[in-house]
Amino acid sequence: MTISIYNTPVKKKQPFTPLSGKKIGMYACGVTVYDMSHIGHARSLIVFDVISRYLRKQGYELTYVRNFTDVDDKIIARANSLGTSYKEISEKYIDEFRTDMNTLKVKPADVEPRATEYIPQIIELVRKLEEKGLAYKAEDGSVYYSVSKFREYGKLSGRRTEEMIAGARVDIEEQKRDPLDFALWKRSKEGEPWWESPWSKGRPGWHIECSAMSTDILGPTLDVHGGGRDLIFPHHENEIAQSEGAYNAPFVRYWVHNGFVTINGEKMSKSLGNFLTIRELTSEVHPETLRLLLISQHYRSPINFSKEAIQTSNQALVRFYELLDRINRATTAGGADRLKPIADAFMGNFEEAMSDDFNTAKAVAHLHDLTTEINRELDSSPSISEDDSRSLRSAFKLVSEVFGILEDEPAQFLDLIKRSGISETGLDEKEIQDLIDQRGAARKAKDFKRADEIRNMLLSKGIQLKDSPEGTVWEKI
RNA sequence: GGCGGCAUAGCCAAGUGGUAAGGCGACGGUCUGCAAAACCGUUAUUCUCCGGUUCAAAUCCGGAUGCCGCCUCCA
């Protein structure tokens, strides 16, 4: 099935055709490692994780590159304030990042380059730009890109240079010839890390690393390049200027940008200080709940983060796991085959939704439909044949592999959820089980008054009982 | 000041020309000793407002209002 992708510069969906057959080169801007990652980062990482999983599922040979910016002003500032080296800071937060990605089940990229590993390539690229007259060395030894020399500057973000100059918020730096120019190479100040270069002892500007690394690993033209919306300008605009200026080849075929996570309707960011770290959140919320919340909405829309939203996603996740558990328990050797058409239809719908600009929200809606349909079938006849069980397993395997959810053993997951809030009830498991047994005895003796007393007492402590032919189970609500 | 995006039920949210997905909540029903879960049904004659194009508009065009983002580090 042909995939269509919303391409930022043309502002519409376009059929996706990679540059060379089934091979795809995809680059997503990673994080600057100077602090713990927050759930805004999580969204971007999960969006591109799901996209990469889906592209692979569709049979593409994907090379996914995601960088670490491991030297920059903020890392240096952080190191200085803690009296340590930039290297220690970046190493520490790369480790923390990997721990978080592991928790969130975000798969590692195929290549995870760091700016500091590509200094020679960066210098080479800057030299090339200088040769072509697109860059100039300032008096202090820094090198700037001369934006006015690149005719197409602004084509990604839809801005014109004259308009930008008119804007009051462009910094005027002494060293720049033009306010729009940006640094390719920064001369290092006292106490800052530096590398030798033809211009000065210095370090790379922020934008240049992505051009240098992506070209080195994937070639001058990328099939897909992504990142958060906020990177469109100036970061990605500058990358285009650098790469196309140097190589005279189209830099990116499809630009993909994800929307923000907001808190109380306001963008969450490190600089605003209103952020929630991945670590904090996953200490209380199941990682799959967060993944489900994020994919329940289209990747380009903003998501407002709230307790209620988390709770709703958690309920949905429990609903799916309960179905999986029910399927496991209902599978028997006999029984008629009747569920294969339902499973097949779902897989078709799923593919259709995902191929339409990675419409995860619609795909999740299909998953809800699937859940309702299977539950309905099981209500009318509770056993599932081996063949049907296989069909259902392949449908849910598709969901797991693309979304990275429903990967736990259902019984285990439900048990975990059940235990997660047990401390709030003031009871331990044995006490709960004793009360359930007492209630069971009362019910057997038709002493429903006593049975209901026990049930209501447990309910007041947040424990909900569920009776079924196989016995009584409880859950924490 | 410039540029861009969004506005769909009580809430969250899909849907870019063919007559409003899905979830949460609420209400009614089936099941149950009664519940819970699951299932069935009801819950937007209408998509912020005003014009226009069209046989046909939530979808396209023009205008108004409101919210958000970018233009400075940002996922």
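Letters A, B, ... are given to chains in the order of the sequence lines, protein chains preceding strands, and every chain is numbered from 1.
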For [N] versus [M], give the span between their [atom1] atoms, rounded off to a whole number of Å.
N     : M     : atom1 : value
B:U32 : B:A38 : C1'   : 12 Å
B:C61 : B:C73 : C1'   : 39 Å
B:U48 : B:G5  : C1'   : 16 Å
B:C47 : B:A21 : C1'   : 14 Å
B:U53 : B:G63 : C1'   : 15 Å
B:C49 : B:A58 : P     : 11 Å
B:G41 : B:A14 : C1'   : 23 Å
B:A13 : B:A7  : P     : 10 Å

Give a yes or no on whether the backbone of [Y] and the side-chain of [X] come within a donor-acceptor separation of less than 3.5 Å.
X        : Y        : answer
A:Arg43  : A:Gly259 : yes
A:Asp223 : A:Met26  : no
A:Tyr54  : A:Glu351 : yes

Is [X] touching bases, backbone alone, or none of the nucleic acid, heavy atoms closer than 4.0 Å?
X        : value
A:Glu308 : nothing
A:Arg66  : nothing
A:Lys12  : nothing
A:Val261 : base
A:Asp73  : nothing
A:Lys11  : sugar-phosphate
A:His257 : nothing
A:Gly158 : sugar-phosphate
A:Gly30  : sugar-phosphate

To the nearest Å, give me how far apart [atom1] ([X]) and [atom2] ([N]) are.
X        : N     : atom1 : atom2 : value
A:His366 : B:A21 : NE2   : C1'   : 8 Å
A:Met101 : B:A75 : CE    : C1'   : 11 Å
A:His368 : B:C24 : NE2   : C1'   : 9 Å
A:Leu231 : B:G69 : CG    : P     : 16 Å
A:Glu377 : B:C40 : CD    : P     : 11 Å
A:Leu45  : B:A75 : CG    : P     : 10 Å
A:Met268 : B:G69 : CE    : P     : 13 Å
A:Asn274 : B:C73 : CG    : P     : 19 Å

Problem set entry | Interatomic spacing from CD in A:Glu266 to CZ in A:Phe260 - rounded to 0.5 Å | 12.5 Å
Exercise. Can you tell me how far CG of A:Asn258 sits from NE2 of A:His298, rounded to the nearest 0.5 angstrom?
Worked result: 10.0 Å
OP1 or OP2 of [N] sitting under 4.0 Å from any side-chain N/O of [X]?
X        : N     : value
A:Ser301 : B:A14 : yes
A:Arg319 : B:C39 : yes
A:Lys267 : B:C68 : no
A:His41  : B:A75 : yes
A:Asn359 : B:G15 : yes
A:Thr372 : B:C39 : yes

Between [options], which nucleotide gets closest to the side-chain atoms of [X]?
X        : options             : value
A:Phe260 : B:G22, B:G33, B:G69 : B:G69
A:Arg159 : B:C3, B:G22, B:C73  : B:C3
A:Gln297 : B:C12, B:A75, B:U16 : B:C12
A:Arg326 : B:A75, B:A38, B:G23 : B:A38
A:Asn375 : B:C34, B:A38, B:A14 : B:A38
A:Asp379 : B:C39, B:A75, B:G22 : B:C39
A:Phe233 : B:G15, B:C70, B:A75 : B:C70

Problem set entry | Residue mapping more 5' on RNA chain B - nearest nucleotide basis, A:Ser157 or A:Ala365 | A:Ser157
Seminar exercise, completed: Between A:Asp230 and A:Ser296, whichever has its closest RNA chain B nucleotide further toward 5' is A:Ser296
Problem set entry | Non-hydrogen side-chain atoms of A:Met1 and A:Met354 separated by less than 4.5 Å | no
Problem set entry | Side-chain heavy-atom pair A:Phe403, A:Asp49 within 4.5 angstrom cut-off | no
Who is the Watson-Crick or G-U wobble partner of [N], with both distances under 3.5 Å?
N     : answer
B:G18 : B:C55
B:C47 : none
B:G41 : B:C27
B:G1  : B:C71
B:C6  : B:G66
B:G33 : none

Look at the side chain of [X] and the base of [N], then say whether one donor and one acceptor between them are separated by less than 3.5 Å.
X        : N     : result
A:Asn456 : B:C34 : no
A:Asp452 : B:G33 : yes
A:Arg443 : B:G33 : yes
A:Arg160 : B:C3  : no

Problem set entry | Residue pair A:Ala353 / A:Ala363: nearest heavy atoms and the distance that separates them | CB-N, 3.8 Å
Problem set entry | A:His207 and A:His235 aromatic ring geometry - parallel, tilted or perpendicular at 30°/60° bounds | tilted
Problem set entry | Test applied, side chain to side chain donor-acceptor pair (under 3.5 Å); reference residue, A:His257; option that passes from A:His225, A:His236, A:Arg300 | A:His236
